[in-house]
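Since the model is a prediction, treat every value here as computed from it, not as a measurement. Chain A is the first sequence line, chain B the second, and so forth, proteins listed ahead of strands; every chain is numbered from 1.
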Number of protein chains: 2
Amino acid sequence: MRSEDIAKLAGVSRSTVSRVINNYPNVPEATRAKVLRVIEQYQYEPNSFARALAGKRTDTIGLFAISMNEKENASRIYQNSYFAPIVDLVVDTANARGFYVLIHTVYSPEDFQKIKQAFLQKRIDGGILVGTQKDIELVRELVGQNAPLVLIDYDISEIMAERLNKSHLAVINSMDYEGTVEAIEYLIGLGHREIGIIKGRMNTFSGRERYTAFVNTLRKYGLPVREEFVLEGDFLKETAYREAQRLTAGGKLPTALFSSNDDMAIAAMEAFAEHGISVPEHLSLIGFDDVQLAAVISPKLTSVKLPIDDMAKAAVSKVIDLCSAEEPTFSTVSFPTRLVVRDSCRPPQA
Amino acid sequence: MRSEDIAKLAGVSRSTVSRVINNYPNVPEATRAKVLRVIEQYQYEPNSFARALAGKRTDTIGLFAISMNEKENASRIYQNSYFAPIVDLVVDTANARGFYVLIHTVYSPEDFQKIKQAFLQKRIDGGILVGTQKDIELVRELVGQNAPLVLIDYDISEIMAERLNKSHLAVINSMDYEGTVEAIEYLIGLGHREIGIIKGRMNTFSGRERYTAFVNTLRKYGLPVREEFVLEGDFLKETAYREAQRLTAGGKLPTALFSSNDDMAIAAMEAFAEHGISVPEHLSLIGFDDVQLAAVISPKLTSVKLPIDDMAKAAVSKVIDLCSAEEPTFSTVSFPTRLVVRDSCRPPQA
DNA sequence: CTGAAAGCGCTTACAG
DNA sequence: CTGAAAGCGCTTACAG
């Protein structure tokens, strides 16, 4: 069934059928009704490729989850408490607004090509990038294609520096700096003076922000940043587990530990438990993200809530807006975080 | 950059460019190299819509997660321990095989139209359906379009009855019946004679299978199926929590409870805990699916492992195969389950 | 208000 | 081995 068939059946031309489908104003109600009746009767749907080829939008957006180096281990997208909700919310929001979403995971630099291809092949109207390693080169390339692009968790200063801010581009962030400050101040308020950190990925905006905020806050209160209490991390459980082991082996423990995300906090907690160090009795622990599990494990984890709902929804709104925007625009939003106090922190033992 | 431009640059015709792109054999190595060089130089990618329109495949498959009535509550796709891994694995497997995946969630009967549209609009080469409510009418309609279709968790006898088995259709199941039998026999072996169940969704093949297997196994061993120990359920936490409350309120408890999935088992465990009933001391509890959380909570949940990896991968392989199949074919696979014994079961108290 | 025609960027018989 | 031409199913100026 093609538009031509509908046209014949309705006794009009293809042009008119097209006008009805696209809801153009210049067609009399009678004609419209007649055509619509035939369309419904035959359950006609215009071929999306022909439409797109003839200049219409594809009504699909791309969602690219970048997760370098994570292919091998078990911790993948769906188990990643950060990606999973984003995927879900993006799909839902887009669907509700009549868009399809093409989803693709990027595990290696070669996979990046897939993102470019999706744009180049005109498969999508615009795209959302989330995850690590959104190098400025990639962003520049993508922006070069003039395709609407939304970046989740990205340092805007890079974009300003590259003068990319007059493109079809938007950046969605969370206020990680402020959230971390709140967390550290909470620990300090509890009386802690020996505070450690498990770092996140440093090739991530939020990872850097959380670390910087940690350091600055300690300094602000005149507390030392002790090297042996700074654990390397990459937002993944495995590394955090190993680092926590290493920390316990060192003999000396901080009285409180800030973990750059919940997944790592939970992994560290396991490592500690195995060495008879219990939270919060021996060590206060605070996470970031406020994933589902945080409220389920025992002790319940105190954490900084990431406004992931808002971020995902905003991302979809932004791409869709950008798709129909005439002029290049750059915009950026940061959503606030919030400290959720549970049972994993306590004043230090005397 | 269009194929015509490439053709000019390379000094050949569009036909030849097309032949090179599609890797046809009848083009001399020299010509191929020449064209390829230009293509790379300009980073040319053929417009996917034009290709599709001209008869090529779209190289994208659809993944439709059907989850009726779940929109309102918080338990959505990404938190659903069943959907989430499927989505992840399907995307990964498809991507690795060079396919894009269009993802769509279906929350209401109206949303079903979206599935049909995706096919009708020729957006996808084939589709995978997973979740509840895959009514035979929908399946029939979809099959009517002659589009490759893979159903995860579906009663094949319905398909046979409808004579749909000479279509581009495949069904992927798990051996839920056998898995349930194993679980119940394990409980019986432990000495339990008063065994209850939390039912799954009855509009789901696996839900029915698990229930039937439960009933049949009790009967087989001459044990009663006591109505008050049969709790209604829908695979979701909320309902299970409420039903568990109801059970405890009734005063009489079974000595063991089989839950049709882990999510409900965990919810029930919470409800019990609040009433001072602890697992496994007062009540043995066994789940189904073996989700991640099962090994994390305390007590660790004994569960029947669902071969979700195998299922998701097989689903992708199947759609892709069906896409290039000439003749209509029907096939079906069932992957075995496995009982994973942990700490939530114990012989009944004397 | 509405139709004929050109065009979107490919692929694929058809000739040669 | 390779090009000219038709065709895929739409949309959109252009006339009228």
[X] vs [N]: side-chain N/O to OP1/OP2 distance below 4.0 Å:
X	N	result
B:Tyr24	C:dT12	yes
A:Ser18	D:dT12	no
B:Tyr44	C:dC10	yes
A:Asn26	C:dT2	no
B:Thr16	D:dT2	no

Measure from the side-chain heavy atoms of [X] and tell me the nearest of [options].
X	options	answer
B:Val27	D:dA6, D:dT2, D:dG3	D:dT2
A:Ser3	D:dG9, D:dC10, D:dT2	D:dC10
A:Ser13	C:dG3, C:dG7, C:dC10	C:dG3
A:Arg51	D:dA5, D:dT2, D:dC10	D:dC10

| field | Pair B:Asp5 + B:Lys8, salt bridge at N-O below 4.0 Å | value | no
| Taking the nucleotide of DNA chain C with the closest heavy atom to each, which residue, B:Ala50 or B:Ser15, is nearer the 5' end? | B:Ala50
| query | Across the strands shown, which category fits A:Thr31 at heavy-atom distances under 4.0 angstrom: base, sugar-phosphate, nothing? | reply |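 Sugar-phosphate contact only.
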| message | Looking at A:Phe119, I'd like to know if the NZ or CZ of A:Lys114 sits under 6.0 Å from its six-membered ring centre while staying within 45 degrees of the ring's axis. | response |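 Not satisfied by the 6.0 Å and 45° rule.
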| A:Lys116 side chain near B:Gln43 side chain, heavy-atom distance below 4.5 Å | yes
